[in-house]
2 protein chains.
Amino acid sequence: MKHGFVKGRRVWHGGAMVSRKSSPRPAPRATAAPSSAAIQKRTRQQHAQERAEDYVEAIADLIAGSGEARATDLAKSLGVTHVTVIRTVQRLQREGLVTTQPYRSIFLTPSGRKLAAEAKARHETVAEFLESLGVPQATARADAEGIEHHVSPATIAAFRRFLATGG
Amino acid sequence: MKHGFVKGRRVWHGGAMVSRKSSPRPAPRATAAPSSAAIQKRTRQQHAQERAEDYVEAIADLIAGSGEARATDLAKSLGVTHVTVIRTVQRLQREGLVTTQPYRSIFLTPSGRKLAAEAKARHETVAEFLESLGVPQATARADAEGIEHHVSPATIAAFRRFLATGG
DNA sequence: CCAAGAATGTAGCAAAAGCTACATTGATTG
DNA sequence: CAATCAATGTAGCTTTTGCTACATTCTTGG
Ligand SMILES: [Mn+2]
Ligand SMILES: [Mn+2]
Ligand SMILES: [Mn+2]
Ligand SMILES: [Mn+2]
């Protein structure tokens, strides 16, 4: 509020000529529709969380499948170099999702296990849902890898409803 | 192929003890299932494309709505600062999606218009589909903002089928 | 016209995720 | 038991997307 008030009719570049008179703004509804800016910000936050989810899920899968998660196997499964894995795992350790020691394999902390379980459940629901819609399995699996990080609980619930009834 | 051949039983860290004998690998099926690594790589490519799609779509909306797309309005709509917009628009210009000149508004090139139209169509299909599944509109709109970039043509087709018939 | 202030641009920083090249460690096998 | 070489770690680079702080330009009301 640097300048105290808005100048009224002052406009730049013409634009839509929206009147800015100080009509009292309408009382916000009970459920205000999020602005496009807010929606975009939420999507960006989901992206920041995305790599963490993919990593803990892959780590959990490796542990379930072979007893341990090694950086090389993780790199192979994620399609990146081992260098990238090591650095990202360091971040995940900073964030309390995994633990590891030099030249040892990677372990999930309790919160890492929780995140992995949630991510895996979401991931599989999305994939099954797409398949049940008639999307070829390979495509469904590929699309689910990206979609999984952007489905809210309400959407997952809708997918599960569909699978339970119509699917 | 640095070392010419694989050593057979050599194993590290125990692991699953998978035999590596040089049995001739099975002939690839007609439709080889993509590796998890390949799927992850595709998802990362979609992310790199994502900001471009959101930008050209927002630019197209601003032009449709008010006749021009200014950096400030774009920043407001995307939820970032004008600095971020200016730098990203420079990249999009490098890539031939938009044109702009100092202190002027932003225009879409033909390929920018094409990308915007495709992105918008996908975006709206995803949002309508989620709503038709019973997801509350605000949630559907929010989820669609992230999902839209990860739906293949086959999945979009399945969504449209559902909307045309079951929806 | 002209100054205020909105819009735009620039400088410089950070974090994250990728990479190649090279160094170090450690498990296996001969 | 020692050499080999896979696995891991480190150094240093790039790109992208954010940000704040400050400089410049342009539009417009008075
Ligand atoms: Mn997943
Ligand atoms: Mn994923
Ligand atoms: Mn969109
Ligand atoms: Mn989007």
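Predicted, not measured: the structure shown is a model, and the values here were computed from it. Convention: sequence-line order gives letters A, B, ...; per-chain numbering from 1.
When rounded to the nearest whole Å, the span between NE2 of His82(A) and P of dG18(C) equals 14 Å. Atom pair Gln93(B):CD and dG9(C):C1' shows a separation of 14 Å (rounding to whole Å applied). Rounded to an integer number of Å, the gap from Glu68(B) CD to dT27(D) P is 11 Å. Summarising the geometry, the separation between CZ on Arg94(A) and C1' on dA14(C) is reported as 12 Å, rounded to the nearest angstrom. At whole-Å resolution of the value, CG in Leu74(A) and P in dG9(D) are 12 Å apart. Atom-to-atom, CZ of Arg70(B) to P of dT25(D) comes out at 16 Å; the value is rounded to the nearest Å. Atoms OH (Tyr103(B)) and P (dA23(D)) sit 13 Å apart, rounded to a whole Å. In this structure, Arg104(A) atom CZ and dG9(D) atom P are separated by 11 Å, rounded to whole Å.
Using cut-offs of 30° and 60° on the angle between ring planes, the pair Phe129(B) and Phe129(A) is tilted. Ring pair Phe162(A)/Phe162(B) is perpendicular by interplanar angle, where above 60° counts as perpendicular and below 30° as parallel.
Under 3.5 Å, the side chains of His47(B) and His47(A) contain a donor-acceptor pair of N or O atoms. Under the 3.5 Å distance criterion, with hydrogens and angles disregarded, a donor-acceptor pair is assigned to the side chains of Arg160(B) and Thr125(B).
At least one side-chain nitrogen or oxygen of Arg44(B) sits closer than 4.0 Å to the OP1 or OP2 atom of dG18(C). At dA15(C), none of the side-chain N or O atoms of Arg91(A) fall inside 4.0 Å of OP1 or OP2 (strictly under the cut-off). For the pair Thr84(B) and dC19(D), the criterion of a side-chain N or O lying under 4.0 Å from OP1 or OP2 is met. Note on Thr72(A): every side-chain N or O is 4.0 Å or more away from OP1 and OP2 of dA6(D). For dG18(D), one of the phosphate oxygens OP1 or OP2 lies less than 4.0 angstrom from a side-chain nitrogen or oxygen of Arg51(B).
Across dG18(D), dT10(C), dA21(C), the shortest atom-to-atom separation from the side chain of Val83(A) is found for dA21(C). Taking every side-chain heavy atom of Thr88(A) into account, dG18(C) is the closest of dT20(C), dG18(C), dC19(D).
Of the listed residues (His150(A), Glu53(A), Glu148(A)), just one forms a side chain to side chain donor-acceptor pair (under 3.5 Å) with Arg122(A), and that residue is Glu53(A).
Heavy-atom distances to DNA chain D give each of Thr81(B) and Ile86(A) a nearest nucleotide, and the one nearer the 5′ end belongs to Ile86(A). Mapped onto DNA chain C by nearest heavy atom, Lys41(B) and Pro102(A) fall at different nucleotides, with Lys41(B) at the one closer to the 5' end.
Looking at heavy-atom distances under 4.0 Å, Arg87(A) makes contact with a base.
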